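This report concerns only the one structure given below.
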Amino acid sequence: MRLLRLREVKAFSQGHAASHQLGWNWTPHLSLSPKGLKILAASLSCCGCPTGKGMSWAQAILLARGLSRGWGGICSTALTGAPFSQVTPQAPRGLHCSTAAHQPDSPLVPRPPEPQRGLVKALAPHEELFRQAPDGVRDKASFVQAVQNFTQYNVHKRGHVDFIYLALRKMREYGVERDLAIYNLLLDIFPKEVFRPRNIFHSIFLHYPRQQECGIAVLEQMENHGVMPNKETEFLLTQIFGRKSYPMLKFVRMKLWFTRFKNINPFPVPRDLPQDPVDLARLALRHMEPDLSARVTVYQMPLSKDSTDATDPTEPHIIGIQSPDQQAALAHHDPARPIFIEGPFSLWLRDKCVYYHILRADLLPPEEREVEEIPEEWNLYYPMQLDLAYGRSSWDDYEFNIDEVEEGPVFAICMAGAHDQATLAKWIQGLQETNPTLARIPVVFRLSASSGELLASSSGLEEPPLTPPEGREEEENNQQRQQQSQS
Amino acid sequence: MSGCGLFLRSAAAARLGRALVAFTASRRPLRTSPPSQAFAKELFLGKIEKKEVFPFPEVSQDELNEINQFVGPVEKFFTEEVDSQKIDREGKIPNETLEKLKSLGLFGMQVPEEYGGLGLSNTMYARLGEIISLDCSIAVTLAAHQAIGLKGIILAGSEEQKARYLPKLASGEHVAAFCLTEPASGSDAASIRTRATLSEDKKHYVLNGSKVWITNGGLASVFTVFAKTEVVDSNGSVKDKVTAFIVERDFGGITSGKPEDKLGIRGSNTCEVHFENTRVPVENVLGEVGGGFKVAMNILNSGRFSMGSAVAGMLKKLIEMTAEHACTRKQFSRSLSEFGLIQEKFALMAQKAYVMESMAYLTAGMLDQPGFPDCSIEAAMVKVFSSEAAWQCVSEALQVLGGSGYTRDYPYERILRDSRILLIFEGTNEILRMYIALTGLQHAGRILTARVKQLKQGNATTIMETVSQRVRDSLGRTVDLGLTGKLGAVHPSMEMSSPPCHGGEQPSLAAGPGHHGRAVLSGVLPPAPQDSAHKLEQNVHALGRTVETLLLRFGKTIVEEQLVLKRVANILINLYGMTAVLSRASRSIRVGLQNHDHEVLLANIFCTEAYYQNLFALSQLDKYSPENLDELIKKVSQQVLEKRAYVCAHPLDWTS
């Protein structure tokens, strides 16, 4: 039963996180404009609990559930004037607003003026807290300041759920979305001990659902940014929601799975990618090349930093990588066979996409492959091969029967600022310095984005260039082309 | 189901292998004149070639007296006049020391007497090596001169070449060096870059290239140089082949680099040698043009056995020095020698010294036999064992001294540094292990293939024998349920191949007519080490079976299974050591040498230790045994080498 419910919540929070409908999804008709609130208040008063005073919160939540389920239809029909699409999630005023809940005896404490004004002015309350930064600087300090302002002025923490949702959205702007301390600070806004379940029924039924959803939303955002909660988070969550709550469960799961998934990528990409295209290309090439002794060469630097864009296409950067093995393979390449420059292919590094080109040859037909023979007088110390008539027996053959599609050798990879033939020809020129044989080998350009002419370095071996339909579908094109070339 | 099939097949293969062994065994006595089979190769077939190793080789009293005449003055010179510490510190052997060495004739120990050398046999050479090794720098200098530098002339040189070069080399007037290693070529002959091109008048070769790590490179005036030459094949194609040349420094164009700054053997001269348009007369080609590979291999293979006795000599001296300290130094009002952990170290040193001495003299004795027996595997085993034992023992000796052993006031640190080179030069131990294992496997494989062929041709007797052997084996296995009980059983070879017992001077293996014809080395060995002898037999038999299984499993791809090969080599080294100590100990008992009971002790200790090591290694060679960690080891090394770094996260790291 519990598990089922949890999965439900999880599914909701995940499915709707993107659409900023975190929480409250299953009772959308309760997160309403003031008009709806009035209806609710009326319904509450009908039950003989004016202003909610004296009503235990267990009753309240049961009521709320009843409302949400049984009365939901009535409410929603009554609210035709406020279609849901227009109801922004910034404006939910929950039933279990903490201020009202915690301090039912002091309703006369004056509200801090700012949030009230904000509520009047804009749909998002507390928005102005984030506009207060003196010089418009958006950094951690100003974010912390905003949060502190909220807690300072809003002693009752009225509307803290809204504020937390708002703050979560603002984090990226302030560049603090990966800061654990900030998340802990946000969690700290929640009033302590209030939402803790006090008996078994509290724990069975979602106690203070809106607040729990909000807590989950905070953790969810941490998860999305790969922030591992720490002891302090745990402490806060136990203080706020107690051990048997959904945010706590989320926390425990994060603790479990983060450790398992954090390093699951065997080829990790640094978190902060370099901004400079040259450095980025360097990184990307290293990322693709498995051989650690491969050398990255900068064949051409961009002229100046201002002209990296299309303004000056004459001097884009050209960075290539080649390993000693590739160099040797190229040196042994039969000059009668052409080699191909293909690309651009895309490579994603976190949120950036870079394009690269490869220099490759077709696979030699099997009859032309040289059989590697062991020279007779090779090793001075021990025989390199045994004069035996038989090989490895089948019961000691660990090789599975895998159909392997052999590919032609790749001789080098490059990344350039421009994907045109002129730029790539410069790359080939640069490669010729370290690979003298390249000068004798015809190079065929097979660029998918540009419908450039073939480089007529040798006649008779050219193929008609394939006209690619789209620049972004290089890989498919490439596959097609390979099939064509193999057939 | 498939697993079951696999098992059946493997079992069948194992049985087939055993049957095949038995077959060769039964074929042996049919030969009219059995060729002198090297001992080690036969071990791979699960057989002990007893004639080679029993009795332990002896020298006559006259020869012994002759050796002792040499040994006396040399020993006196080394103990009194050679200052090893000074040589090490200054990185140079003083000229007067070199002169004295020359006058003692130590530069021509193995040069035949007609060319002015001492003409020592291998055994006598080994004996002198014991003393020369008291200073490692001198030993290395002398070894580079005569064990490899001029060895080529003795082995492959023509009469003219010998007459021209050997006298001056033997007297020490000329020093020789061996130039094989190049920056790009260690043991890889194909990547030798030094080139010799025939001049137009066809009278000279022009030599160009550089060689590195040439011992005596700065002192030498005669070099044995290996270079690529163009050779026309029988079918008319031109190929690059290695050719050996004798090059004099006076030919011109030879420059040597500055001496390398080494960890140990600092007194020896090691440097680069460059040849620039050096004109070498065609008469100075050593051996045939294009035959340099064989020359190099022969030189390298021939020089190794002497390391055993050299290290043994050094160890004996070391034991004396260390024992002196252990018996005088007092801690807790007891001398160090009373502590068990210190005593253990001395037992270890004595045992290792005894084993390597036995191995070295056994090998030397084999080499001294008439005909040119091929003992290269044995020599390689001596080299591997002695170099590793040297490193271990010197380290233990230093440990006895504790902190003072680590200082320069004592010679231990110098000996430790010096002995490190032993594991590296003359073929690294890794490479020699490959050599030992592969050469033996090649031998076993050849015989196996022949038998497989016969079986396939449907030779009736072969098939009958195979089948009956198989039945007997399987029955025997069910009875004994293991290796220990019936190991002697599958040794019909011993029964059949050994002639009837002679007794007296030429004792041979009389096969005990026990259960299944169990053959204990009873005819050879006195009772004391017989238990060890039985262990040796068990191991040898198990090795024979394992080798066949391995050959059936891997076939020619076994070349790539280096971890397997290493274990085979280790087992073989142990077996050879066991044989050597048993042979020597039994001789000592028979002759009645002093303290022969001590020898028996050492022999038994070594044999028992080696026996269990072998059992472990043999079980590691089993494909499915829990001791076999090859796959895991390979995985770890792959991951480390892929990253080219230590893979694990720091122990203090967190996930985030």
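By convention in this document, chain letters (A, B, ...) are assigned in the order of the sequence lines, proteins followed by strands, and residues within each chain are numbered from 1. Note that the structure is a prediction, hence the values are computed from the model and not measured.
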Between B/Lys634 and B/Glu561, does any side-chain N to carboxylate O distance fall below 4.0 Å? yes
Step through it carefully: locate the ring centre of B/Phe178, locate the ring centre of B/Phe226, and say whether they are under 6.0 Å apart. yes
Which answer fits B/Glu426, side chain, backbone, both or neither, if we ask what part of it has an atom under 4.5 Å from a heavy atom of chain A? backbone
Okay, B/Ile558 and chain A: the region with an atom under 4.5 Å from a heavy atom over there is side chain
Run the ring-centre check on A/Phe143 versus A/Tyr174 and record whether the distance is less than 6.0 Å. yes
Presence of salt bridge, A/Lys250 and A/Glu220, under 4.0 angstrom: yes
What part of B/Leu438 lies closer than 4.5 angstrom to a heavy atom of chain A: side chain, backbone, both or neither? both
Using a cut-off of under 4.5 Å for heavy-atom pairs, which of B/Asn301, B/Leu432, B/Leu551, B/Ile436 has the most such pairs with chain A? B/Leu551
Spatial distance of atom CH2 (B/Trp213) from atom CD (B/Glu182) [nearest 0.5 Å]: 11.5 Å
For chain A, which of B/Met297, B/Arg644, B/Met434 has the most heavy-atom pairs under 4.5 Å? B/Arg644
Toward chain A, the part of B/Leu180 with a non-hydrogen atom under 4.5 Å: side chain
Region of B/Glu642 in contact with chain A, defined by heavy-atom distances below 4.5 Å: backbone
Please name the pair of heavy atoms, one in B/Leu441 and one in B/Leu565, separated by the smallest distance, quoted to 0.1 Å. CD1-CD2, 3.3 Å
